[in-house]
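Just so it is clear, the structure is predicted and the values come from calculations on it, not from any experiment. No hydrogens, no waters, no symmetry mates; every other heavy atom, side chains included, goes into these values. Both counts, for ligands and for their atoms, begin at 1 and track the order of listing.
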Amino acid sequence: MKPFTNEETLDPENWEHYRQTAHTMIDDMINYLRDVRQRPVWQPTSASSKELLSEPLGNEPETIDEIYEQFKDNILPFTLGNIHPAFWGWVCGNGSATGMLADMLASGMNPSPSFGDHADIYVEQQVIDWMKQVFKLSPDSSGLLTTGASAANLIALAVARNSHQKKVREKGLKNSDKTLTLYASTETHSCIQKAVELLGIGSEHLRKIDVDENYQIRIDLLVEAIKKDRADGYQPFCVVGNAGTVNTGAIDDLNQLAKIAQEENLWFHVDGAFGITPKILPEFDEILKGSESADSLAFDFHKWFYVNYDVACILIKDKSKHEEAFAVKANYLLKHERGIIAGPGNFHHLGLELTRGFRALKVWMMLKENGLSKYQRMIRQNLKQAQYLCWFINENNDLELVAPVPLNIVCFRFNPGGMEDEELNLLNKEILMQLHEQGIAAPSFTLLNNKYALRVAITNHRSVNEDFKLLIEEVVRIGEQQLMGAKIN
Ligand SMILES: *Cc1c(COP(=O)(O)O)cnc(C)c1O
């Protein structure tokens, strides 16, 4: 056979021109971050951009310059808005300029930290080791970076399940004579239920324990439920503690949960998606006490560590149990003495995925760039901002806190008096939609005891006091406007 000619690659044909376009992109994105405050928090995606984004895939190539123009006109302006200083919806992080650049560097290298001997694996391991130290977990613990806390929680519960049913990998759950049950408060994040369903445990066997007036798990009811399940022939295997519930930021009594787990021989898992982050502050030592006794701890970097999406972490105290849950022998992945496949890497034995992105780099760079001390100041700033917002709400007769504020989440509503909950719910929902539509601010919402609350979750490193003041003024303005409109009609 003759060697063929005209071979191609996906590399740029003209590197110099490409470099110019690339520099423009970087300049644009740096400006985009610098000027974020001048843009609306959110705006609806335009009709023309929806049209572009539903076109069929073309056959012919387009130039990078053309594609970049389309990105700038049709994608960039219509984003979620979570990088904005007045975005406090759900629990979103902002990301940072350094995180953005790190993603570019990682993507340029484009390795897969799965197995073998290459620097990206050492970076991920170092990040994991740092977090064990920061959260006071044993240095022998194992860990893995994941896409989010949902994936981290799933991995933890898989290890917990397998450590209580030794043959589950071979035989499946059906083999066991006893049904597994686990325990978590009614305020626990929905991803725990998803995990329980995916793991074949069944959501009925996730016993949702009621909370007290502070939205913390009722320990007395937990103990009763475990006892009852044992008497009824179930096999309790795990208790999930919340370090920061998604609705109100409630922190369960983790110390008590750790004790109960130990006494009852249960796996103690902590979902600390965002609420474990304040453990870097000495003043939270007591409040989060018990988390260091967890068998597993899941948390996000992309929430209250402000790292760009998507990256989270699972830490597991017993490394061998972690491996036992996921390791599979494959002839094409066996470790060698030398070469690429020597070395410490075994992340593919600690989770679902084989090929993985180098998401550790942005964490590594941001932790180094800020040091623990800057992170401590930022977390304290957010906590103080939550209290500042509470103060505003308490000062204003037309506003009402709907839940205690133990952390960085403030749930409140516009309530000028004389209205039923049902009416107030509609009114506050309207206020929220208008705040979004007018691009002013982006709190989210939740229902607490059937009260619709505006929910401000402050994991935002760009917010300043003025932003909260404006939020309050605008909530009152829109609320009063609605009431006046209602009277006129
Ligand atoms: C956000 C959140 C999760 C899920 O994390 P993702 O990163 O969105 O997958 C789990 N638990 C709590 C408490 C959360 O706030």
Problem - Cys191 neighbourhood, listing ligand 1 atoms whose heavy-atom distance to it stays under 4.0 Å - result: 10 (C)

Practice task
Please determine, by modelled atom types, if Asp467 and Trp88 share a side-chain donor-acceptor pair under 3.5 angstrom.
Solution key: no

Exercise for the section: Check whether the side chains of His269 and Asn153 place a donor and an acceptor atom closer than 3.5 Å, and report yes or no. Expected result: yes

Completion exercise
In this structure, atom 14 (C) of ligand 1 is nearest to the protein heavy atom Lys303 NZ, 2.9 Å

Problem - Met131 versus Phe305, closest heavy-atom pair with distance - result: CE-CZ, 3.6 Å

Completion exercise
So the atoms of ligand 1 within less than 4.0 Å of a heavy atom of Phe274 turn out to be 15 (O)

Problem - Best match, Ser150, Ala298, Ala151: closest heavy atom to atom 4 (C) of ligand 1 - result: Ser150

Handout entry: Shortest non-hydrogen contact from Asp252 toward Val240
Key = OD2-O, 4.4 Å

Problem - Asn425 and Glu422 side chains, donor-acceptor separation under 3.5 Å - result: no

Exercise for the section: Please identify which atoms of ligand 1 are closer than 4.0 Å to at least one heavy atom of Gly148. Expected result: 7 (O), 9 (O)

Problem - Presence of salt bridge, Arg356 and Asp120, under 4.0 angstrom - result: no

Fill in the blank from the handout: ligand 1 atoms nearer than 4.0 angstrom to some heavy atom of Asp300 are 5 (O), 6 (P), 7 (O)

Problem - Numbering as shown, the atoms of ligand 1 that approach Gly244 to under 4.0 Å (heavy-atom distance) - result: 13 (C)

Exercise for the section: Run the numbers for me: atoms of ligand 1, each under 4.0 Å from some heavy atom of Ala273, listed by number. Expected result: 2 (C), 3 (C), 10 (C), 11 (N), 12 (C), 13 (C), 14 (C), 15 (O)

